[in-house]
Amino acid sequence: MVTEPVVTQKRIPLLDLQTQHSQIREEVLAAVTRVIDSQKFILGAELEAFEREIADYCETAFAVGCASGTDALILALMAAGVTPGDQVITTSYSFFATAGAIAHLGAIPVFADVDPTTFNIDPVRAAEAVARSPRARALIAVHLYGGSADMKPLCAIAGERGLVLIEDAAQAIGAEYRGRRAGGIGQIGCFSFYPSKNLSAYGEGGLLTTQDAQIAARLRALRVHGSTEKYVHQWVGINSRLDALQAAVLRVKLRHLDAWTERRQGNARLYQELLAKAPVDLPRPAPYQTRHVFNQFVIRTRERDAVRHHMASHGVGTEVYYPMPLHLQPCFSSLGYSSGDFPVSEALACETLALPIYPELSEDDIAYVSGLLTERRT
Ligand SMILES: *Cc1c(COP(=O)(O)O)cnc(C)c1O
């Protein structure tokens, strides 16, 4: 009699936060207890300490906490003086919030296609978009998946027209462009601490960075209804603060961030090695010096659905970032874009697939995922 071999199937989700939590559980509980015992939940010492530490980490003069990455973008645009009818140039290939924040202020997103190597806004296309936008006020560059956009030409384009250059660094904390940290290259940097980001809160959170004291003061006012003096409102702001509880958790996690980032980079290197012969396109290095922090490791394949299904049936989680480019979103149909306008973004939307890359993956895990992709070659 032949017995079936017992195969215990591996399970590798796209992201697993449990292992990380178990490593820092005691530190986090102590920090959270400290805040609860203080009964000081709004602004205050815990947030100020975090803002100082993260400004140092991002090598910026100032950091201002807020309630989410989306709010960070909205506050940045408000601080940039964006008003209804203004135009804001940005990428057609990002998470929705990048464009949603622009529309929230009554401004008009003007999209530009991305570079096929970096998946970030193509400076040549950005310059063309600026040229056809008489009411352009700001430019938002996104550092997608943890890799920096090409900031030098973007700074030049923004400088020429007097646009405020905003970095959407939600996926890119600690990333660098030619030795400079994300968030400190343009005038304002926007970060998110959503659970899927490299530095994640135990809930929602966001933050802004800037080198400019005046912008920092304005952001601090805008997050508390535009008030600089109690009950006096210089601007119409919003209520968007980073909770003291989240700040306390983030202070603990920030101390581990570099070690976690190095693990992500190591995982990416191992994928590059093990997938060298797999029938998929691998992430390629940017043609300029960067420190990529691999919030995502994204491959390209024309057989995406089949590959996803194959991975899922072997216990491996994957995700599609992003299946619909921004210019084709139904809510922006009145802007008049159509299919074919931004061919690179549209191709990426059909072909990209994110693999698990979180720091706690083992070499065995990466080998297992890579094996599944390689064996599909027929
Ligand atoms: C996550 C993300 C945001 C929004 O951050 P939230 O904290 O979820 O509001 C904005 N832009 C990009 C590129 C993101 O990845």
Side-chain angles (χ1 to χ4, degrees), residues 14-15 17 50 54 63-78 88-105 109 111-112 114-115 118-121 138-149 151 154 165-175 177 182-183 185-186 188-209 219 223 238-243 245-247 249-250 253 264 292-298 319-327 329 331 345 348-349 352 354 357-358:
L14 182 76
L15 175 64
L17 291 165
F50 176 60
I54 203 151
V64 180
C66 66
S68 71
T70 304
D71 276 4
L73 288 161
I74 291 172
L75 288 162
L77 292 165
M78 290 173 101
V88 178
I89 286 71
T90 195
T91 168
S92 48
Y93 185 66
S94 177
F95 178 58
F96 178 75
T98 311
I102 298 168
H104 246 286
L105 294 186
F111 297 114
V114 295
D115 175 274
T118 65
F119 302 177
N120 283 317
I121 193 165
L139 194 164
I140 305 180
V142 180
H143 307 308
L144 203 69
Y145 305 148
S148 174
M151 295 304 288
L154 294 174
L165 180 55
I166 296 168
E167 293 172 71
D168 181 344
Q171 302 180 4
I173 190 153
Y177 172 81
I185 307 168
I188 309 176
C190 300
F191 292 89
S192 163
F193 305 121
Y194 184 79
S196 66
K197 314 297 181 181
N198 286 19
L199 178 65
S200 63
Y202 282 22
E204 307 251 13
L207 181 113
L208 297 120
T209 49
L219 291 169
R223 74 173 169 183
I238 55 177
N239 171 14
S240 181
R241 296 173 285 228
L242 181 64
D243 228 274
L245 279 168
Q246 298 301 345
V249 172
L250 289 163
K253 294 185 90 174
R264 286 176 180 273
H292 199 305
V293 296
F294 289 100
N295 178 241
Q296 302 294 345
F297 186 88
V298 175
E319 186 57 88
V320 174
Y321 299 112
Y322 296 94
M324 189 183 282
L326 296 172
H327 65 288
Q329 293 293 341
C331 63
S345 297
L348 294 176
T352 53
I357 186 74
Y358 57 90

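Here, residue 1 is the first one in the sequence, and each next residue gets the next number. Indexing begins at 1, ligand by ligand and atom by atom, following the structure's order. Model, not experiment: these values are computed from the prediction. Side chains included, hydrogens not; waters and symmetry mates left out as well; all remaining heavy atoms used.
Closest approach of Ser345 to Val114, counting heavy atoms only: OG-CG2, 3.8 Å.
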List the atom pairs, donor and acceptor, that lie under 3.5 Å between side-chain atoms in residues 139-148 and the rest of the protein, sequence neighbours left out.
from	atom 1	to	atom 2	distance (Å)
His143	ND1	Ala149	N	3.0
His143	NE2	Glu167	OE1	2.8
Tyr145	OH	Tyr93	OH	2.8
Tyr145	OH	Tyr321	O	2.7

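With sequence neighbours left out, Thr90 forms a side chain to side chain donor-acceptor pair (under 3.5 Å) with no residue at all. Listed by chain and residue number, Tyr288 satisfy the ring pair (Phe, Tyr, Trp, His ring centres under 6.0 Å) test with Tyr177 (two or more places apart in sequence, or in another chain).
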Q: Output, in order, the C-alpha distance, side-chain angles, deciding distance and verdict of side chain to side chain contact (heavy atoms under 4.5 Å, CB included) for Val293 and Ile173.
A: CA-CA 7 Å; Val293 296; Ile173 190 153; 5.8 Å; no
Dump the pairs for me: ligand 1 N or O, protein N or O, distance under 3.5 Å, to 0.1 Å.
from	atom 1	to	atom 2	distance (Å)
ligand 1	5 (O)	Ser192	OG	3.2
ligand 1	7 (O)	Gly69	N	2.8
ligand 1	7 (O)	Ser192	OG	2.6
ligand 1	9 (O)	Gly69	N	3.4
ligand 1	9 (O)	Thr70	N	2.8
ligand 1	9 (O)	Thr70	OG1	2.5
ligand 1	11 (N)	Asp168	OD1	3.3
ligand 1	11 (N)	Asp168	OD2	2.8
ligand 1	15 (O)	Gln171	NE2	2.8
ligand 1	15 (O)	Lys197	NZ	2.6

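To the nearest 0.5 Å, atoms CG (Asp71) and CE (Met78) are separated by 9.5 Å.
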